[in-house]
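Before any comments, here is the structure.
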Amino acid sequence: MPPPNRFAIRGFTILELLSAITVLALLALVIFWLAESTSEVTKGAHLRMDADSSARQVLDRISVDLEQMILRPDLPGLFEKQETNDRITFFAMGDGYEGDRGISKVSYDVSDHKLRRGAEGKSWSGEDDKLVFEPDVVTPAAGENTETASDKVIRFETAFLMSDGSILAGLPAPGRILEPGFGGRSVRAIIIGVVTLDDRARNLIPNKDAAPLAVLFPDAEDNQTILAGWERVIGESGLPAPVLRGIRMYQRYFYLPETRVLAQH
C-alpha cells in the first residue's frame, strides 16, 4: 500500500491567511471610501440645489415686488448704498403682512446675516395707515411688518444699468428712481447680487458669525457688474475649501419701464 501523500492534506499557512485578510481589508477600505465619496458628492449636490432654490425664490420674490413698484416722484423708491449690505425701500401695489389695503411699502435688507423683507400695508385714503406723499421721507417697513426672506443670504448688493449701457454702483443723490419725464439719467435695470452660505459652511465659521465673511465681498463699482467684483476677490480670500464650497453668488437684472432718476449736476 503506497504511503499517503502528505501534500494532499496540507492547510493554509499563516502567511497565506494574512495575505488574504490584507486583501479583504483593502477591498473593504476601497468600498468604504467609494461610499463616503458618493455620500459627500450627493450631500454637496443637495446643498448646492438648496442654495440655488433659496436664491431663486428670493430673486423671484424681489422681481414680483419690483414689477409692482409705483413710479411716482411723491412716492419714491429709495436705494440706500451702505457699507457691506445695501437696503432698498419702495411702494408697490400689493398687500402688507397685516392685511389687504391695496398698496404696501416694501423693503429688503440684511439683518443678523439673514435677508429680511418688509411689507407695511398702506391705504390711498382713510384714517388708518394712510399714505403720506412726502418724497423726502422714506423709511423701511417697521420690524413687526417684516419676515425672513432667506436665512442663507449673507450679502445683498445693488447697482444700476443705465440707458447708455454703463453701470452705476449707486444712483446720484438722493438715490431715488422717479417716474418718466422727471428729468435726469435713464435707468434701464436694477442689478441685484446676493451671496448665500449653506448650513454646513456656516457651522465651520467660529460662532457661526458670517459678518467677517460678508465683508470679503466688496461693494459695487461703476462700470463693473457685481459678480465681477466678487469673483475677483473670492479666489484670493484664502478661505478653507469646505467654506468656499458652501458659498454661492448670484446676480440678476430687473428691467424697469421707461424711468428716470434725479441727477445732481
Side-chain angles (χ1 to χ4, degrees), residues 43-69 77-90 92 94-98 104-121 140-159 189-220 225-227 229-231 233-234 237 239 242-254:
K43 185 175 182 179
H46 287 161
L47 288 171
R48 286 192 295 273
M49 287 189 292
D50 287 345
D52 290 341
S53 176
S54 177
R56 184 167 57 250
Q57 290 175 11
V58 164
L59 294 173
D60 287 348
R61 175 71 263 188
I62 295 174
S63 178
V64 171
D65 287 333
L66 289 177
E67 286 174 359
Q68 298 176 331
M69 181 169 60
L78 178 61
F79 294 79
E80 299 177 80
K81 300 300 295 183
Q82 302 182 124
E83 187 176 354
T84 305
N85 285 305
D86 295 342
R87 180 168 60 187
I88 62 177
T89 305
F90 55 92
D95 303 341
Y97 288 129
E98 77 285 10
S104 60
K105 181 168 63 173
V106 178
S107 60
Y108 285 92
D109 69 330
V110 173
S111 177
D112 296 327
H113 319 304
K114 299 176 182 178
L115 183 66
R116 305 281 299 177
R117 176 183 181 268
E120 187 176 299
E144 64 269 17
N145 295 315
T146 64
E147 67 175 8
T148 299
S150 173
D151 61 359
K152 293 180 172 57
V153 173
I154 63 170
R155 188 72 172 83
F156 183 79
E157 185 70 12
T158 59
I190 301 169
I191 309 171
I192 292 180
V194 297
V195 177
T196 64
L197 182 68
D198 66 39
D199 294 336
R200 180 171 62 176
R202 189 185 291 266
N203 289 334
L204 297 175
I205 300 174
N207 300 321
K208 299 183 181 180
D209 183 8
L213 181 59
V215 300
L216 293 178
F217 298 89
D219 293 333
T225 64
I226 297 171
L227 276 188
W230 288 352
E231 290 172 346
V233 301
I234 194 62
S237 65
L239 291 170
V243 175
L244 283 174
R245 285 195 293 267
I247 294 172
R248 306 281 285 178
M249 300 175 290
Y250 307 86
Q251 174 182 274
R252 186 180 291 186
Y253 286 64
F254 298 89

>> Could you report the tightest heavy-atom contact between Val106 and Tyr108, atom names first, then the distance?
In response: CG1-CE1, 3.7 Å
> To the nearest 0.5 Å, how far apart are OG1 in Thr158 and CD in Gln82?
Replying inline: 9.5 Å
>> Has Asn85 got a side-chain atom pairing as donor or acceptor with Phe156's backbone, closer than 3.5 angstrom?
In response: yes
> If every non-hydrogen atom of His113 is compared with every non-hydrogen atom of Ile154, which pair is closest and at what distance?
Replying inline: O-CG2, 4.0 Å
>> Using 0.5 Å steps for rounding, measure from the CZ atom of Arg252 to the OG atom of Ser63.
In response: 6.0 Å
> Ala159 and Ala220: which non-hydrogen atoms are nearest, and at how many Å?
Replying inline: CB-CB, 4.2 Å
> Has the side chain of Asp209 got a donor or acceptor atom that lies under 3.5 Å from a matching backbone atom of Ala211?
Replying inline: yes
>> Please find the pair of heavy atoms, one from Val58 and one from Ala149, that lie closest to each other, and give the distance.
In response: CG2-O, 3.7 Å
> Going by atom types only, do Thr146 and Arg116 share a side-chain donor-acceptor pair under 3.5 Å?
Replying inline: yes
> Can you name the nearest heavy-atom pair linking Asp65 to Phe90, along with the distance?
Replying inline: O-CE1, 3.5 Å
> Side chains of Gln251 and Trp230: closer than 4.5 Å at any heavy-atom pair?
Replying inline: no
>> Donor-acceptor check, side chain of Glu120 to backbone of Asn145, threshold 3.5 angstrom: yes or no?
In response: no
> OG1/Thr148 to NZ/Lys114 distance, rounded to the nearest 0.5 angstrom?
Replying inline: 5.5 Å
>> Nearest 0.5 angstrom please: Phe217 CZ to Met249 CE, how far?
In response: 6.0 Å
> Which distance, rounded to the nearest 0.5 Å, do you find between the CD1 of Ile88 and the CD1 of Ile62?
Replying inline: 5.5 Å
> Sub-3.5 Å donor-acceptor pair from the side chain of Ser150 to the main-chain atoms of Lys152, do we have one?
Replying inline: yes
> What heavy-atom pair brings Val233 and Leu216 nearest, and what distance separates the two atoms?
Replying inline: CG2-O, 3.5 Å
> Between atom CD1 of Ile234 and atom CD1 of Ile247, what is the distance when rounded to the nearest 0.5 Å?
Replying inline: 4.0 Å
> Where do Tyr253 and Thr225 land on the side-chain contact (heavy atoms from CB on, under 4.5 Å) test, with the steps shown first?
Replying inline: CA-CA 10 Å; Tyr253 286 64; Thr225 64; 3.5 Å; yes
> Any luck finding a side-chain donor-acceptor pair between Arg117 and Ser107 under 3.5 Å?
Replying inline: no
> Charged N to carboxylate O under 4.0 angstrom, Lys81 versus Asp86?
Replying inline: yes
>> Is there a side-chain contact (heavy atoms from CB on, under 4.5 Å) between Leu59 and Ile192? Walk through the geometry before answering.
In response: CA-CA 8 Å; Leu59 294 173; Ile192 292 180; 4.3 Å; yes
